[in-house]
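A short worksheet on the structure shown next.
All values derive from a computational prediction rather than experimental measurement. When a residue number appears, it is its place in the shown sequence, counting from 1. First listed ligand is number 1; within each ligand, the first listed atom is number 1.
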Amino acid sequence: MAIFYADQLADGSEIRSDLCVVGAGAAGITLAMQFAESGLQVCLLESGDHRPDAKIQELYDLETIGYPMRQDFVSRARQFGGSCNLWAGRNMRMSPIDFEPRDWVPNSGWPLQYAELEPHYVQAEKVLRVPPHRRFSAVAAIPDIEGEERGMFEGGDLEPTAALWGTKPMRFAKANLAALRNSRNISVYLKANVTEIVPSENGNAVEYLVVRTLSGREMTVRARTVVLACGGLENTRLLLVSRRRHAHGIGNEHDIVGRYFLEHPRALHGRIRVREGVSLPYLTGIPLSDGKVQLGVALSEQAQRSARVLNGYVGLEPAMSEMAARQYGRSMSLAKMIVRRGYDHSEKASHVDGTNIRELIYQLTPKEIMPHWLYRPYALIKRKARRRLKIGHLTVINFCEQAPDPASRVTLSEQRDALGVNKLVLDWHIGELERRTVTYLHDVIGRAVERAGIGAMEVSSHEADELHFTDASHHMGTTRMSDDPRTGVVDRHCRVHGLTNLYVASSSVFPTGGHANPTLTIIALTLRLAEHLKAAERRAGPATAMYS
Ligand SMILES: Cc1cc2nc3c(=O)[nH]c(=O)nc-3n(C[C@H](O)[C@H](O)[C@H](O)COP(=O)(O)OP(=O)(O)OC[C@H]3O[C@@H](n4cnc5c(N)ncnc54)[C@H](O)[C@@H]3O)c2cc1C
């Protein structure tokens, strides 16, 4: 088919399709591509354009209350390809324990287990073009990890957790552009904003979607199956604003939609003084022929169970002096403008000041911003130099799981966007279990660092008193998965409870978020959903396809 602009269609048009995917970010594009040349007509509706557009981006404006989130930080991109136009491409798998109900973590437990998702993780790593996780899944799988670095993981309380990058971050729109343009069955509509989901009269199926453009046109889309892939917050917003047949929004009979908002609270907390001569290549990141890997230090499942804490890990980055940090921070803000394709242009870049420089530095390390061809020689030279020079200090960056809390939530604001859709109010909560997890992990790592002969953990008294978290642009949990409609919005197949043909592909379905960056799991779940939808198609038979 082709790529169309919705604002070039006639007002009042009706688009018909077998499968309609709303949102062309990582999840939406991956899902649509699974149906390429399938014989089904697929319609992919995307609010954004090929490039960032300030007016379109404003449709994402929301109000934040509760625990402070980063200000002047672009946490989502309303653009063809979604927020992965901004991402640094760090991929991590969730751990088996993340899927289990844990009696010390209220509202934990997925209706599926890690083993069910494992084959989809393998497939997702191929979609994202990252090195396979199995090469770094445990110390035993990494034959050349040695010395103090190997010693860190002895004793059973700590285990490595692998962050993997491909040779460059996957930009979903660019990578799939030619295939989408040439596809015979997928039609992409840009500048197409879904503003309402309208169910049939009995309320148990989607009848049509309302699509609006910023130029004032309105269209409808009818499809046999609808998948929401608008990102962790917008799926929720769409369900909440669609009140024509359901007074509290779609899937919200039990007041769950919007609740249990999860992030990955992140804190720069503590430093490790490294003994002269110690080399920690895996913990500080190394290039591979097909990408990059960095090991984090995570609490083992056994340690989480016995201490009754959440999942969490620390990443280690070479620390800098305050002056070097300032210089680096300035150059990073410039790099950020380039890497993030214009999103932080204008006045936002000038907001980089002393308070967020530290945060910036450790978000954008050389391995995340350097092209692979440059990072490889850079890392090799650095590694050689380190054999002679001492590392000095490592900054400890804590990444923590959150306990699902119904009070941590998004709701609708009275204020509306340019299309007349209610904006969101985001009320983020962080509990005591998160703080206890970080301090517990620190104690364990402090002991391991000394035992392995790496050096010593240093936490200033000021830091220990004021454990300050930031958000990580990971929006999860607000359409959580559960087999019971009283405790979840979607079932194990990501279908919205109570509706026969409405599904969600997103981190919004995660009932718990573990400590891992979410995109790899989003893609794994999306591939699983595609399999489910294909099986349903096969069962229904080709004759039932609506518009093919
Ligand atoms: C700066 C930054 C760095 C990040 N780094 C990492 C990282 O290293 N690793 C990681 O795993 N994750 C990272 N993330 C998070 C990652 O970007 C998201 O997990 C991922 O993009 C989610 O994909 P998605 O397809 O679910 O949603 P999105 O990428 O948000 O895509 C949703 C799409 O839906 C469209 N849309 C929204 N509303 C509507 C509507 N009403 N109608 C039509 N279309 C609509 C949007 O325009 C968008 O294209 C980062 C995020 C940011 C902002």
Side-chain angles (χ1 to χ4, degrees), residues 6 20-32 43-50 52-53 56-57 59-60 70 73-94 124 128 130 163-166 169-173 188-197 209-213 221 227-239 241-242 263-264 266 336 339-341 343-344 360 363-365 367-368 399 417 419 421 424 471-476 479 504-510 513 516-526:
C20 174
V21 182
V22 186
I29 292 177
T30 302
L31 186 72
C43 156
L44 183 53
L45 301 173
E46 167 55 42
S47 165
D49 197 349
H50 290 280
D53 176 310
I56 297 173
Q57 183 66 19
L59 298 170
Y60 265 165
R70 286 172 293 179
F73 189 84
V74 186
S75 281
R76 304 184 285 166
R78 197 150 168 153
Q79 181 193 345
F80 187 27
S83 300
C84 283
N85 286 301
L86 302 174
W87 81 323
R90 176 191 288 244
N91 291 281
M92 300 179 82
R93 287 192 185 189
M94 289 178 73
L128 284 151
V130 291
L164 294 155
W165 291 261
M170 168 59 67
R171 306 286 181 222
F172 284 84
V188 182
Y189 295 87
L190 301 179
K191 299 193 181 183
N193 301 283
V194 174
T195 54
E196 191 185 353
I197 305 162
L209 303 171
V210 178
V211 174
R212 294 209 182 114
T213 69
V221 176
V227 179
L228 301 181
C230 298
L233 297 174
E234 290 304 294
N235 296 323
T236 314
R237 184 178 176 195
L238 266 181
L239 293 176
V241 297
S242 299
E263 252 281 358
H264 286 131
R266 183 167 55 186
K336 191 171 94 163
V339 171
R340 294 189 179 160
R341 298 159 157 238
Y343 272 94
D344 280 327
L360 245 182
Q363 270 164 41
L364 287 174
T365 59
K367 76 182 91 42
E368 294 197 315
F399 300 84
D417 67 15
L419 296 165
V421 181
L424 286 179
D471 57 300
S473 306
H474 300 164
H475 308 133
M476 304 171 285
T479 67
V504 179
S506 165
S507 50
S508 63
V509 306
F510 296 5
N517 295 47
T519 309
L520 185 66
T521 305
I522 295 173
I523 300 298
L525 279 174
T526 301

Say whether [X], considering both its backbone and side-chain N or O atoms, lies within less than 3.5 Å of an N or O atom on ligand 1.
{"X": "I522", "answer": "no"}
{"X": "E46", "answer": "yes"}
{"X": "Q79", "answer": "yes"}
{"X": "N517", "answer": "yes"}
{"X": "A26", "answer": "yes"}
{"X": "T519", "answer": "yes"}
{"X": "S473", "answer": "no"}
{"X": "V74", "answer": "no"}
{"X": "N193", "answer": "no"}

Name the option, out of [options], that contains the heavy atom nearest to [atom].
{"atom": "atom 27 (O) of ligand 1", "options": "S507, G231, G25", "result": "G231"}
{"atom": "atom 53 (C) of ligand 1", "options": "S75, A192, S83", "result": "S75"}
{"atom": "atom 25 (O) of ligand 1", "options": "G48, P169, A27, A173", "result": "A27"}
{"atom": "atom 36 (N) of ligand 1", "options": "G82, C230, A516", "result": "C230"}

Which ligand 1 atoms, with their elements, are less than 4.0 angstrom from a heavy-atom of [X]?
{"X": "G89", "value": "8 (O)"}
{"X": "A88", "value": "5 (N), 8 (O)"}
{"X": "A229", "value": "32 (C), 33 (C), 34 (O)"}
{"X": "R90", "value": "7 (C), 8 (O), 9 (N), 10 (C), 11 (O)"}

| query | Is there side-chain contact between D49 and K191, with at least one heavy-atom pair below 4.5 Å? | reply |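 The answer is yes; the side chains approach within 4.5 Å.
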| Are a donor atom and an acceptor atom from the side chains of N235 and T479 found within less than 3.5 Å of each other? |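 Note: N235 and T479 side chains miss the donor-acceptor criterion.
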| Between the side chain of N193 and the main-chain N/O of R212, is any donor-acceptor distance below 3.5 Å? |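 Yes, N193 side chain to R212 backbone: donor-acceptor pair under 3.5 Å.
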| task | Dump the intermediate steps for side-chain contact (heavy atoms from CB on, under 4.5 Å) on L128 and F172, then the final yes or no. | result | CA-CA 9 Å; L128 284 151; F172 284 84; 3.6 Å; yes
Nearest 0.5 Å, please: how far is [atom2] in [Y] from [atom1] in [X]?
{"X": "W87", "Y": "N517", "atom1": "CH2", "atom2": "CG", "value": "8.5 Å"}
{"X": "R93", "Y": "L520", "atom1": "CZ", "atom2": "CG", "value": "7.0 Å"}
{"X": "I197", "Y": "L239", "atom1": "CD1", "atom2": "CG", "value": "5.0 Å"}

| field | R70, R76, E263, H264 screened by side chain to side chain donor-acceptor pair (under 3.5 Å) with S473, the one that passes | value |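 So, applying the side chain to side chain donor-acceptor pair (under 3.5 Å) to S473 and each of R70, R76, E263, H264, only R70 qualifies.
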Indicate the atoms forming the closest heavy-atom contact of [X] with [Y], along with that distance.
{"X": "C20", "Y": "L45", "result": "SG-CD1, 3.5 Å"}
{"X": "G232", "Y": "S508", "result": "O-CB, 3.5 Å"}
{"X": "A26", "Y": "T519", "result": "CB-CG2, 4.3 Å"}

| Hey, is R237 close enough to D417 for a salt bridge, meaning N to O under 4.0 Å? |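 A salt bridge links R237 with D417.
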| query | Out of curiosity, is Y60 lining ligand 1, as in a heavy atom under 4.0 Å away? | reply |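 So Y60 counts as touching ligand 1.
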| said: Within the structure, is a non-hydrogen atom of T195 found at a distance of less than 4.0 Å from ligand 1? | reply: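 So T195 does not count as touching ligand 1.
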